[in-house]
Protein chains: 2
Amino acid sequence: MKKIDILREEQTRTDIIATAQKLFQKYGIDKTTMDDIAREVGKGKSTLYYYYTSKEEVFYAVVNKEKDEVMKSIKKTISNLESPSEQLKTFFLSHFNELKHKINLYSVILQGNVKKHIDLFGRIQKENISSEIEMIKEILLKGIKNGEFKNIKEKDCEDIAIICVTVIQGLDSSIIFFKDEAQKELRIETATDIFIKGLQYRRQK
Amino acid sequence: MKKIDILREEQTRTDIIATAQKLFQKYGIDKTTMDDIAREVGKGKSTLYYYYTSKEEVFYAVVNKEKDEVMKSIKKTISNLESPSEQLKTFFLSHFNELKHKINLYSVILQGNVKKHIDLFGRIQKENISSEIEMIKEILLKGIKNGEFKNIKEKDCEDIAIICVTVIQGLDSSIIFFKDEAQKELRIETATDIFIKGLQYRRQK
DNA sequence: AATAGACTCAAATACTAAATTAGTCGAAAG
DNA sequence: CTTTCGACTAATTTAGTATTTGAGTCTATT
């Protein structure tokens, strides 16, 4: 296979995903048909199946692309910060802001039968969380090495990263639950501060 | 109305709720009919409507009774502890244990059409959270007064209590998501410790 | 005041036929 | 030898309808 072909294949995949993204966002996963996507791309439906094995795979690819973009953006923001504490805080807040932007979006995409795609959504969530855990682990490790996080040991990084993600999840769900928009931002910040302070000071026992 | 009548009315209410609880746990909210409950109580269906205005009200009363029992139990456990830090930690862990016990239970109860009862569930969750916030606020206040929580001010208690509840929510959801049973308990404890440490040490800025 | 039995109407269920659509296959184009 | 297409099939969804169920009401009775 020549190099030019690989590029062309990539281009087609990109087209498909971009179109699929547009349609999924507009109509949701169930109301968007493979024919819809194919027509919009200007290809036959079978062509889609040449590149992706199923509609769920297409959906997965769309979401994955978005995830990569978000992670890349956060990574970039973080790379400008010196201290791991600041980095971690920024991660918490960025996550919150991303969610705020995407919350309406995803409620459209996921409209309809959630049960039907429960395995897919589970897989997506799992991989999202994995990426986040990896990133947080890096931050924690740096913080341990430079002495900012006195309360934790290197071997516990994985667990603490998991804890960070679950705490973030809790804060996220409060976006949906508590309505007072003004307070929210501040509260997320306070929570983050408390948590990070907890990492900084050495545990007694 | 005579005193004896009030007692009898209370007894009937208690019977209804106990029976309803049993049936809801077994068949879920939708598959349990008001006739089922009435038959089991040994009364006519209309009698239920004499005491409760709707099936959702009966369900609400059942869940509320359970909530009261749980809160009372936690309160009792906590009252034996001296330090607010210990109390808060115990609250976190008790919440976790309660959830672990009830998780299978509630997945049965809520089976079926969740969307249909979304308002009811929202109301229940809201009141659950309110009770917990109140309780946590008391603990925090004591901790501020005795100097254990150096990082927070009295006027922020409400917000911090809300944060506690959201953090707990995050930890709770990890019960469902992460499967490694052995690690879970430990992780919850670690998370709690970190968070409480964060409350104890004074913020710089 | 408390209960029951008969009643109503809205909603859930069950069934069916018709239409859509996910996914396959073999052939054709480049 | 990669990429595309159009026709095909099998599965799923939708739409329409008939039937049953069950929440909530009403009236009568104790």
Side-chain angles (χ1 to χ4, degrees), chain A residues 1-17 19-20 23-24 26-62 109-120, chain B residues 1-17 19-20 23-24 26-62 109-120:
Chain A
M1 198 199 286
K2 280 181 294 187
K3 201 175 170 188
I4 186 81
D5 287 336
I6 295 171
L7 280 175
R8 212 159 59 102
E9 180 176 326
E10 270 318 300
Q11 185 55 51
T12 309
R13 290 190 119 93
T14 308
D15 287 351
I16 292 171
I17 296 310
T19 306
L23 293 177
F24 282 143
K26 203 164 178 182
Y27 304 111
I29 183 164
D30 286 328
K31 297 264 176 186
T32 304
T33 72
M34 289 297 263
D35 275 316
D36 289 340
I37 299 169
R39 204 180 314 115
E40 189 97 0
V41 175
K43 298 272 165 81
K45 183 173 62 165
S46 334
T47 305
L48 301 194
Y49 283 95
Y50 179 78
Y51 291 99
Y52 298 96
T53 62
S54 68
K55 187 158 101 164
E56 291 206 335
E57 279 307 309
V58 176
F59 185 83
Y60 174 77
V62 167
I109 292 183
L110 303 183
Q111 80 197 168
N113 195 344
V114 177
K115 246 182 197 164
K116 190 169 139 194
H117 305 290
I118 195 81
D119 290 338
L120 175 67
Chain B
M1 197 201 287
K2 281 181 293 187
K3 199 176 172 187
I4 186 78
D5 288 334
I6 294 172
L7 279 177
R8 211 159 59 102
E9 181 175 326
E10 269 319 300
Q11 185 55 50
T12 309
R13 288 191 120 91
T14 307
D15 287 350
I16 292 171
I17 295 310
T19 306
L23 294 176
F24 282 144
K26 202 162 177 183
Y27 305 111
I29 183 165
D30 285 328
K31 297 265 174 183
T32 304
T33 72
M34 290 295 265
D35 276 315
D36 288 340
I37 299 169
R39 203 179 316 116
E40 189 95 3
V41 175
K43 299 271 167 83
K45 184 171 62 164
S46 338
T47 306
L48 301 195
Y49 284 94
Y50 180 78
Y51 292 99
Y52 298 95
T53 62
S54 69
K55 186 158 102 166
E56 293 207 334
E57 280 306 311
V58 175
F59 185 83
Y60 174 78
V62 168
I109 292 182
L110 302 181
Q111 82 197 165
N113 196 343
V114 176
K115 246 182 195 163
K116 190 171 142 194
H117 305 291
I118 195 80
D119 290 337
L120 174 65

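Each chain gets a letter, A, B and so on, in the order the sequences are listed, and its residues count up from 1.
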Treating B:Thr32 as the side-chain partner and B:Leu23 as the backbone partner, does any N or O pair qualify as donor plus acceptor under 3.5 Å?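 Checked: pair present.
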Between the side chain of B:Lys45 and the main-chain N/O of B:Thr33, is any donor-acceptor distance below 3.5 Å?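 Not at all, since once roles are kept as given, no pair shorter than 3.5 Å links the two residues.
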Which pairs, protein N/O on one side and nucleotides 12-16 of chain D N/O on the other, fall under 3.5 Å?
from   : atom 1 : to       : atom 2 : distance (Å)
D:dT13 : OP1    : A:Lys116 : NZ     : 3.2

Rounded to whole angstrom units, what separation is found between the OH atom of B:Tyr27 and the P atom of C:dA12?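 Taking OH of B:Tyr27 and P of C:dA12, I get 22 Å after rounding.
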Could you tell me the separation between the CZ atom of A:Arg39 and the C1' atom of D:dG6, rounded to a whole number of Å?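 Going from CZ in A:Arg39 over to C1' in D:dG6 covers 15 Å.
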Any [X] side-chain heavy atom under 4.5 Å of [Y] side chain:
X       : Y        : answer
B:Asp30 : B:Lys116 : yes
A:Tyr52 : A:Arg13  : yes
B:Ile29 : B:Leu120 : yes

Generate the contact string for nucleotides 23-30 of chain C. Rules: B means base contact, S means sugar-phosphate contact only, - means no protein heavy atom under 4.0 Å. BBB-----
Around atom OH of B:Tyr27, are there more than 12 heavy atoms from other residues, nucleotides or ligands closer than 6.0 Å?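 Check fails, neighbour count at 12 or below.
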Can you check side chain to side chain contact (heavy atoms under 4.5 Å, CB included) on A:Glu56 and A:Asp119, steps first, answer last? CA-CA 10 Å; A:Glu56 291 206 335; A:Asp119 290 338; 6.0 Å; no
Answer yes or no: does a side-chain N or O of B:Tyr50 lie under 4.0 Å from OP1 or OP2 of C:dT3?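 It does not, given that no N or O in the side chain of B:Tyr50 lies less than 4.0 Å from OP1 or OP2 of C:dT3.
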Do NZ/NE/NH1/NH2 and the carboxylate oxygens of B:Asp15 and B:Lys43 come within less than 4.0 Å?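 No, B:Asp15 and B:Lys43 are not salt-bridged.
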